[in-house]
2 protein chains.
Amino acid sequence: MDAQLKRGVLDVCVLAAIKNEDSYGYKIIKDLSPIVELSESTLYTILKRLETASMLVVRSTEFEGRLRKYYHITPRGLQRILDFKNEWKEIMDIYSFIGKED
Amino acid sequence: MDAQLKRGVLDVCVLAAIKNEDSYGYKIIKDLSPIVELSESTLYTILKRLETASMLVVRSTEFEGRLRKYYHITPRGLQRILDFKNEWKEIMDIYSFIGKED
DNA sequence: TATTGATACCTCGGATTACGATGTATAGCG
DNA sequence: CGCTATACATCGTAATCCGAGGTATCAATA
């Protein structure tokens, strides 16, 4: 999928991936891979961004000798998902415009 | 609408705006404004980009003393629209993922 | 034992691109 | 004469996706 098309949806995808259950970087990529491919460098950039924006909080733990950071969504993060869904109507209008008269 | 969300769709919107009839910069903005807002600086950047990519060709004319450049879509531009429509399925999958379990 | 692959984190630089600010120029209206 | 609409263009800034590279642990394989 085109990189430009991903912008604006990747943030929300990551939030959706942790919405129902706390998750960590590596697992988020695996969970999202059937829907959207994203590189590790992209994901960790996004996670940092979302943390700065208070849309999620981080909890570091140790798991079998390895560091693991769990990400938990905040009310602000949940609101971001709702906002996106409201914007969806506009996206659909764009699609209708592009597809009309064929 | 969020600027990031526009990336990847604006190009196709502009192509769709000239698909059925040749048009020029100022008119394209007016035609698109109900669906997507875009500034002049953005549009002319896009038009240049699409021209470089051979998705449209330009024809300069004089209209009532003012310069007017008409843009005409090419087969490659039409193909770009088709490619976008094929990518749409992936966008819908993303939306389903974000919206599931509410 | 050594090597590979999976897991798990991170940083840096390059490329793309939307947009505000700014500039140029003509036509028409009050 | 000033203002608005029309019509084009450039420049710099900010955002952000990704490849390339780095560190480290553990399990399986050769």
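Lettering follows sequence order; numbering is per chain, from 1. All figures in this text were calculated on a predicted structure; none of them were measured in a lab.
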Engineer: Would you tell me whether A/Ser39 and A/Thr42 have side-chain atoms, one donor and one acceptor, within less than 3.5 Å of each other?
Structural biologist: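 There is such a pair between these side chains.
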
Engineer: Starting at CZ of B/Arg80, measure out to OG of B/Ser54 and round the result to the nearest 0.5 Å.
Structural biologist: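 The CZ atom of B/Arg80 sits 14.0 Å away from the OG atom of B/Ser54.
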
Engineer: Please enumerate all residues that pass side chain to side chain contact (heavy atoms under 4.5 Å, CB included) together with B/Asp2, with sequence neighbours excluded.
Structural biologist: A/Glu87, B/Gln4, B/Leu5

Engineer: Is there a donor N/O on one and an acceptor N/O on the other, under 3.5 Å, for the side chain of A/Ser41 and the base of D/dG19?
Structural biologist: yes

Engineer: In whole angstrom, give the distance that lies between atom CD1 of B/Ile29 and atom C1' of D/dC8.
Structural biologist: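 Rounded to whole Å, this separation is 11 Å.
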
Engineer: Distance check needed: C/dG20 C1' versus B/Leu43 CG, whole Å only.
Structural biologist: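 After rounding, the gap between these two atoms is 15 Å.
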
Engineer: Roughly, in whole Å, what's the span from CE in B/Met1 to P in D/dA15?
Structural biologist: 19 Å

Engineer: Could you state the CG-P distance from B/Leu38 to C/dC19, rounded to the nearest angstrom?
Structural biologist: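 To the nearest whole Å, that distance equals 7 Å.
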
Engineer: Once salt bridge (charged side-chain N to carboxylate O under 4.0 Å, His left out) is applied, what residue pairs with a partner in residues 7-18 of chain A remain, sequence neighbours excluded?
Structural biologist: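 Checked against salt bridge (charged side-chain N to carboxylate O under 4.0 Å, His left out) - neighbours excluded - the pairs reaching residues 7-18 of chain A are A/Asp11-A/Arg49.
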
Engineer: Crowded around A/Gln79 CD? As in, over 12 foreign heavy atoms under 6.0 Å?
Structural biologist: yes

Engineer: Rounded at 0.5 Å granularity, tell me how far CG in B/Leu56 sits from CG in B/Leu47.
Structural biologist: 6.5 Å

Engineer: Pairs of donor and acceptor atoms involving the side chains of residues 30-37 of chain A, under 3.5 Å and at least two apart or interchain, shall be tabulated with distances.
Structural biologist:
| unit_1 | atom_1 | unit_2 | atom_2 | d |
| --- | --- | --- | --- | --- |
| A/Asp31 | OD2 | A/Lys27 | NZ | 2.9 |
| A/Ser33 | OG | A/Lys30 | O | 2.9 |

Engineer: Return each pair, listed once, that meets ring-ring contact (aromatic ring centres under 6.0 Å, His included) where at least one residue sits in residues 53-94 of chain A; pairs must be two or more places apart or across chains.
Structural biologist: A/Tyr24-A/Tyr70, A/Phe84-A/Trp88, A/Trp88-B/Tyr95

Engineer: According to a strict under-4.0 Å criterion, is A/Lys6 in side-chain N/O contact with OP1 or OP2 of D/dT16?
Structural biologist: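 Answer is no, no contact under 4.0 Å.
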
Engineer: Over how many whole Å does the gap from A/Asp2 atom CG to C/dA15 atom C1' extend?
Structural biologist: 13 Å

Engineer: What is the separation between atom CD on A/Glu37 and atom C1' on D/dG19, rounded to the nearest whole Å?
Structural biologist: 15 Å

Engineer: How many whole angstroms separate atom CG of B/Asp11 from atom P of C/dC19?
Structural biologist: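 It works out to 12 Å between those atoms.
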
Engineer: Round to a whole Å and report the spacing from CD of B/Gln4 to C1' of D/dT16.
Structural biologist: 6 Å

Engineer: Could you go through nucleotides 7-9 of chain C and list every protein N or O atom that sits under 3.5 Å from one of its N or O atoms, giving the distance for each pair?
Structural biologist:
| unit_1 | atom_1 | unit_2 | atom_2 | d |
| --- | --- | --- | --- | --- |
| C/dA8 | OP1 | A/Arg68 | NE | 3.3 |
| C/dA8 | OP1 | A/Arg68 | NH2 | 2.1 |
| C/dA8 | OP2 | A/Tyr24 | OH | 3.1 |
| C/dC9 | OP1 | A/Lys69 | N | 3.3 |
| C/dC9 | OP2 | A/Gly25 | N | 3.3 |
| C/dC9 | OP2 | A/Tyr26 | N | 2.7 |
| C/dC9 | OP2 | A/Tyr44 | OH | 2.6 |
| C/dC9 | O5' | A/Tyr44 | OH | 3.1 |
| C/dC9 | N4 | A/Glu40 | OE1 | 2.8 |

Engineer: Give, for atom CZ of B/Arg66 and atom OG1 of B/Thr61, the distance between the pair rounded to the nearest 0.5 Å.
Structural biologist: 11.5 Å

Engineer: In terms of the nearest nucleotide of DNA chain D, which residue is placed more toward the 5' end: B/Thr45 or A/Gly65?
Structural biologist: B/Thr45

Engineer: Enumerate the residues from residues 49-60 of chain B whose closest heavy atom to DNA chain D is under 4.0 Å, giving them by residue number; use none for an empty result.
Structural biologist: none

